[in-house]
Amino acid sequence: MIHARGLTRRFKVRKETVEAVRGLDLDVEAGQLVAFLGPNGAGKSTTLRMLTSLLPPTSGTATVAGHDIATDPTGVRARIGYVGQRSGAGDDHRCRDELVTQGLGYGLRWSEARRRADEMLDMLALRPLARRGPATLSGGQRRRLDIALGLVHRPPLLFLDEPTTGLDPHSRADVWEHILRLRAELGTTLLLTTHYLEEADNMAERVVVIDHGRVIADGTPERLKSDLAGDRLTVTAHDASDAARAAEAAVRMAGADGVTTDGLTVRVRVPNAGAAMPGFLRSLDEAGVKVATAETSRPTLDDVFLALTGRSLRESESAGAAA
C-alpha cells in the first residue's frame, strides 16, 4: 500500500539547508495499522505531506495506493483519505451537507455522494447529528465527523494525524472504537501519528519510530519493547549497605543489563522479570540482604524511545509544545 525508498526533503531556512527527512525507507502492506512515532521535528509531518502528495520530495521515490507521488499525485489523492490535526469540517453547513460536498469533491455523483454520506453517518453514529452544524458538536463527535469526511469516498488507505489529540479519555476511547470497527468492516489500511503512546501500544500492530528524519526502529510493539527496553526488576533495601550488595547481586544475574541505584532502590533490566524475580530474591536472602519492597514492570514504548535516543518521547513532545 505504501512503498517508499530514499525519501528526502530539504528546506532552506535563513540561507541554511535543513534536512527534514533523510533517505527514509518505508513499507506498509494492505490492511495494516501502523503507528508512526517521533518527537516534534523528527520528520513525521514532512513525511506524511510527501506521502499524501502535498509536498514533493527533494529526492527518492514512493508509490502510495498503487500510484507514484511524483508522476501521479492526482491518482494518489483519489485513493487516500486524510484526517489532519485540525478539523476538516466548516462551520457554515450541516454535517450531512459537509459529507455530501466532500463526496462530490472526490468525483462522486450526487446520488452516490448522498448515499455514502448516509453510510458514514450511520457507521460513525452521527445520524442524530446530521442536521447540526459542526460548531455545535463535542470534540469527540467532531473527530468522528472528520473521520467520516476522510472515508466518504471509501479509500483503501487512511492517514490519521493525531486523531485523538485534546480529547478526554472517554471521547478518545469512543473515537478508537469507531476507528477499529471501520477498519474491521472496510479493511482500510491505517497510518497514524499519535503522542499518546498507549494508543500506539494497544492499537497498532506495528510501530515505526523516526528521529532526525530517519527510521530508527520498526517492529511490533512487543518486539520493540522486548528487544530495545526489556523488563525491569526493582527492589528497595533497608539500608545503604544492603542496597550496595543488592546491586552487586543484580550485576551477577544471567541476562542482567543496566543496573542502577537510586538511594535504597536498585533497578535492573532483564529479559523476563517475572521469571527472574524469585531467583533474585533467593540470592539476596542467601546473602543476608534485607529487602523492603520488590516489584516487576513491563517496558513502555517511551522506554523504547529512551533506549534508542537517550531521551523520552513524552519529554520531547512536551518541550516541543512549550516552544
Side-chain angles (χ1 to χ4, degrees), residues 2-28 34-65 67-77 80-91 143 146 150 157-167 191-197 199-200 207-218 228 301-302 304-323:
I2 298 175
H3 302 288
R5 291 292 178 271
L7 273 189
T8 300
R9 178 66 196 192
R10 301 185 186 93
F11 295 97
K12 283 287 188 179
V13 179
R14 296 174 184 171
K15 299 183 179 181
E16 293 186 5
T17 299
V18 176
E19 287 189 289
V21 179
R22 310 179 183 191
L24 183 140
D25 295 339
L26 179 66
D27 291 293
V28 177
V34 178
F36 197 46
L37 304 181
N40 288 326
K44 298 192 305 296
S45 295
T46 301
T47 300
L48 289 191
R49 291 175 66 195
M50 288 191 288
L51 293 176
T52 55
S53 78
L54 297 176
L55 184 70
T58 303
S59 62
T61 62
T63 57
V64 176
H67 298 265
D68 191 285
I69 62 172
T71 62
D72 189 13
T74 302
V76 171
R77 295 175 193 180
I80 65 172
Y82 179 76
V83 178
Q85 295 181 25
R86 296 183 179 180
S87 178
D91 293 331
R143 287 313 271 169
D146 290 333
L157 172 62
L158 179 64
F159 292 88
L160 296 166
D161 193 4
E162 299 190 7
T164 60
T165 295
L167 300 183
L191 179 66
L192 72 100
T193 69
T194 179
H195 66 265
Y196 294 121
L197 295 176
E199 290 186 348
V207 170
V208 176
V209 182
I210 182 174
D211 192 28
H212 299 299
R214 294 189 177 95
V215 171
I216 58 174
D218 184 350
L228 299 173
L301 286 178
D302 203 38
V304 170
F305 196 82
L306 184 63
L308 286 168
T309 68
R311 66 188 189 277
S312 164
L313 180 57
R314 294 187 188 278
E315 292 172 354
S316 299
E317 293 286 1
S318 298

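No hydrogens, no waters, no symmetry mates; every other heavy atom, side chains included, goes into these values. Owing to the predicted nature of the structure, the values given are computational and were not obtained by experimental measurement.
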Checklist line | Thr46 side, atom OG1; Phe11 side, atom CZ - distance, nearest 0.5 Å | finding: 4.5 Å
Margin query: Do Arg9 and Pro56 make a side-chain contact, defined as non-hydrogen atoms from C-beta onward lying under 4.5 Å apart?
Written below: yes
Checklist line | Closest heavy-atom pair and its distance - Gly60, Pro57 | finding: O-CG, 4.2 Å
Next item on the list: Output all residues satisfying side chain to side chain donor-acceptor pair (under 3.5 Å) with Asp218, sequence neighbours left out; order by chain, then residue number.
Entry: Arg206
Check: For Arg214, what residues pass the side chain to side chain donor-acceptor pair (under 3.5 Å) criterion, not counting sequence neighbours?
Finding: none
Next item on the list: Only counting residues at least two apart or in another chain, list the ones meeting side-chain contact (heavy atoms from CB on, under 4.5 Å) with Asp25.
Entry: Arg5
Item checked: Value rounded to 0.5 Å, distance of CZ in Phe159 from CG in Leu192 -> 11.5 Å
Item checked: Which atom of Gly43 lies closest to which atom of Val21, heavy atoms considered -> O-CG2, 3.8 Å
Next item on the list: Check side chain to side chain donor-acceptor pair (under 3.5 Å) between Lys12 and all other residues, then give those that pass, not counting sequence neighbours.
Entry: Thr17
Margin query: Tell me which pairs pass side chain to side chain donor-acceptor pair (under 3.5 Å) where either residue lies in residues 48-62, with sequence neighbours left out.
Written below: Thr8-Ser59, Ser53-Arg77
Check: Looking at Val76 and Asp68, what are the two nearest heavy atoms and their distance?
Finding: CG2-O, 3.9 Å
Notebook entry, point to check: Mind checking what makes side chain to side chain donor-acceptor pair (under 3.5 Å) contact with Thr47, not counting sequence neighbours?
Noted result: none
Notebook entry, point to check: Mind checking what makes side-chain contact (heavy atoms from CB on, under 4.5 Å) contact with Ala62, not counting sequence neighbours?
Noted result: Ala4, Leu7, Leu51, Ile69
Check: Mind checking whether Lys44 and Asp161 have side chains closer than 4.5 Å, heavy atoms only?
Finding: no
Next item on the list: Hey, could you give me the CD1/CG distance between Ile216 and Asp211, rounded to the nearest 0.5 Å?
Entry: 4.5 Å
Checklist line | Spacing of CG belonging to Leu26 relative to CG belonging to Leu191, to within rounding of 0.5 Å | finding: 6.5 Å
Checklist line | Rounded distance [0.5 Å steps], CG in Asp146 versus CD in Gln85 | finding: 12.0 Å
Next item on the list: Working to the nearest 0.5 Å, report the span between CG of Leu160 and OG1 of Thr194.
Entry: 10.0 Å
Notebook entry, point to check: Can any side-chain N or O of Thr193 pair as donor or acceptor with the backbone N or O of Glu162 at less than 3.5 Å?
Noted result: yes
Note to self: Just to verify, what does Ala217 make a side-chain contact (heavy atoms from CB on, under 4.5 Å) with, not counting sequence neighbours?
What the structure shows: Val209, Leu224, Leu228, Leu308
